[in-house]
Amino acid sequence: MSVPETGDPKSTSVNNIEAEVFSLSASEAEMEATAKRLRRHIITMTGKAGSGHPGGSLSAVEILTALYFKVLRHKPSDPQWTDRDRFILSKGHAAPLLYATLAECGYFPVAELTTLRQMDSRLQGHTDRTITPGVEMSAGALGQGLSFGIGVALAGRLDEQDYRVYVLLGDGECDEGQVWEAAMAAAHFKVDNLAAIVDNNGQQIDGWNRDVMNLDPFPRKWETFGWKVIEVDGHSIPQLLNAFGRAKQVKGQPTVIIAHTIKGKGVSFMENNPDFHGTAPNAIEVDLALKELE
Ligand SMILES: Cc1ncc(C[n+]2csc(CCOP(=O)(O)OP(=O)(O)O)c2C)c(N)n1
């Protein structure tokens with residue numbers, strides 16, 4: 001068994017890294033265990049930093065677990081590998097989740113996670129592709145990732161490469177006009193090597209989307225923009241894996257997976273609580289959360 005040079009062997013051993021190309025053999029039980037570790041990392045990292053975005057990181061844990069531990073073709077020892085599938089985090093404030101996932105895969109040591117948001121750390125509050133191994137797009141200004149992903153997908157088509165592109169959007173982010181311009185373009189150009197995933201937790205920075213700017217009827221909007229729509233329970237790894245498999249079969253149009261999730265999922269006092277959108281847990285809350293995540 002070979003573990004990527006940059007990784008922490010203890011944290012990656014359960015993920016069964018057999019070869020240079022990241023293992024696709026993680027079992028459902030291993031992925032559930034990984035998801036719980038990711039949640040613990042998110043709590044620990046944001047708690048230590050005293051700032052950050054735990055709510056929208058916790059809601060997308062299973063989405064990233066399914067992608068990074070089963071679906072994506074990627075190589076943690078070579079983040080720029082030309083043939084890699086591309087994962088683009090458009091909702092860049094969920095950086096703690098992406099960093100935790102990349103560390104668990106072995107892109108950099110798990111110990112580095114506690115440097116979140118420190119001066120000179122590679123792990124800043126929002127993603128920066130120039131400093132963090134495995135990060136594909138610098139993000140934080142919402143609304144841009146789908147456009148970026150279409151460009152990456154079209155480049156792959158022009159270069160006759162068979163990689164696939166996955167873009168994770170927030171549902172509140174879909175209040176941004178640029179998302180719909182991108183949605184039109186992806187359908188027009190029949191970008192079928194791209195799948196968008198919406199972390200549909202119903203909330204954004206100020207509360208419920210339906211009160212801030214209602215997106216309903218959300219699936220129908222995507223459909224009428226020319227997308228294949230798949231709806232799943234975004235906390236069910238089997239449902240997510242099934243959706244990613246179905247998306248690969250879709251030809252001639254892009255696919256959106258609307259993943260129904262709960263903001264703050266896994267920590268009782270954070271669930272559906274917009275107070276934890278952009279506020280870190282304090283020391284007492286960290287202890288309580290970690291107990292719930294044992
Ligand atoms: C262009 C832009 N406008 C405003 C913000 C401030 N902001 C940060 S997160 C957020 C809410 C995003 O909601 P959603 O996409 O649903 O994220 P989630 O609930 O999944 O964390 C807002 C408005 C921003 N980052 N970028």
Side-chain angles (χ1 to χ4, degrees), residues 42 45-46 49-60 63-64 67 79 86-102 116-155 165-186 191 194-209 211-215 218 221-222 225 227 254 256-259 261 263-264 274-280:
I42 291 163
M45 294 161 76
T46 53
S51 62
H53 296 80
S57 293
L58 290 167
S59 60
I63 298 169
L64 263 75
L67 280 170
R86 272 69 166 169
F87 172 74
I88 290 151
L89 179 69
S90 187
K91 43 172 258 181
H93 58 281
L97 167 60
L98 180 57
Y99 299 153
T101 309
L102 292 172
L116 178 73
R117 288 179 166 241
Q118 286 176 16
M119 291 283 274
D120 300 325
S121 168
R122 294 195 287 185
L123 311 180
Q124 289 304 307
H126 295 79
T127 51
D128 181 340
R129 71 185 303 279
T130 67
I131 57 172
T132 315
V135 168
E136 298 281 355
M137 176 186 159
S138 301
L142 295 168
Q144 301 179 357
L146 193 54
S147 309
F148 184 96
I150 292 167
V152 176
L154 289 174
V165 180
Y166 298 88
V167 179
L168 179 63
L169 300 157
D171 52 358
E173 179 178 17
C174 295
D175 279 348
E176 291 284 348
Q178 186 176 342
V179 171
W180 300 102
E181 182 184 351
M184 266 192 295
V191 188
L194 171 128
I197 309 106
V198 180
D199 178 5
N200 195 42
N201 59 35
Q203 292 195 340
Q204 52 181 280
I205 196 166
D206 298 317
W208 295 99
N209 294 326
D211 300 324
V212 179
M213 186 149 74
N214 194 10
L215 289 153
F218 195 52
K221 281 199 174 82
W222 287 98
F225 272 73
W227 287 59
V256 60
I257 297 169
I258 300 179
T261 58
K263 198 153 177 169
D275 292 347
F276 285 101
H277 168 82
T279 304

Are side-chain heavy atoms of [X] and [Y] found at a separation under 4.5 Å?
X      : Y      : value
Leu116 : Gln118 : no
Lys91  : Ser59  : yes
His126 : His53  : yes
Val256 : Phe225 : no
Thr127 : Thr132 : no
Leu64  : Phe87  : yes

Between [X] and [Y], what is the shortest heavy-atom contact and its length?
X      : Y      : value
Thr279 : Pro54  : O-CG, 3.2 Å
Thr46  : Pro96  : CG2-CG, 4.0 Å
Ser57  : Leu97  : O-CD2, 3.3 Å
Leu168 : Ala60  : CD2-CB, 4.0 Å
Met213 : Asp175 : O-OD1, 3.0 Å
Pro79  : Gly134 : CB-N, 3.7 Å

Worked check of side chain to side chain contact (heavy atoms under 4.5 Å, CB included) between Val198 and Phe218: CA-CA 10 Å; Val198 180; Phe218 195 52; 3.8 Å; yes

Report the distance from atom [atom1] of [X] to atom [atom2] of [Y], rounding to the nearest 0.5 Å.
X      : Y      : atom1 : atom2 : answer
Leu123 : Ile131 : CG    : CD1   : 7.5 Å
Met137 : Ser147 : CE    : OG    : 8.0 Å
Asp199 : Ile258 : CG    : CD1   : 12.0 Å
Lys263 : Asp275 : NZ    : CG    : 10.5 Å
Ile257 : Ile197 : CD1   : CD1   : 5.5 Å
Asp211 : Gln203 : CG    : CD    : 10.0 Å

Name the orientation class of the two ring planes belonging to Trp227 and Trp222 (parallel below 30°, tilted from 30 to 60°, perpendicular beyond 60°).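 Geometry flag for Trp222 against Trp227: perpendicular rings.
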
Parallel, tilted or perpendicular, judged at 30° and 60°: which one describes the rings of His277 and His93?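 Answer is tilted, since the angle falls between 30° and 60°.
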
Say whether, by atom type as modelled, one donor and one acceptor occur between the side chain of [X] and the main chain of [Y] under 3.5 angstrom.
X      : Y      : value
Asn200 : Asp171 : no
Arg129 : Ser138 : no
Tyr99  : Gln124 : yes

For Ser90, run the side chain to side chain contact (heavy atoms under 4.5 Å, CB included) check against Gln144, Glu176, Glu173 and tell me which one passes.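 Output: one option passes, namely Glu173.
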
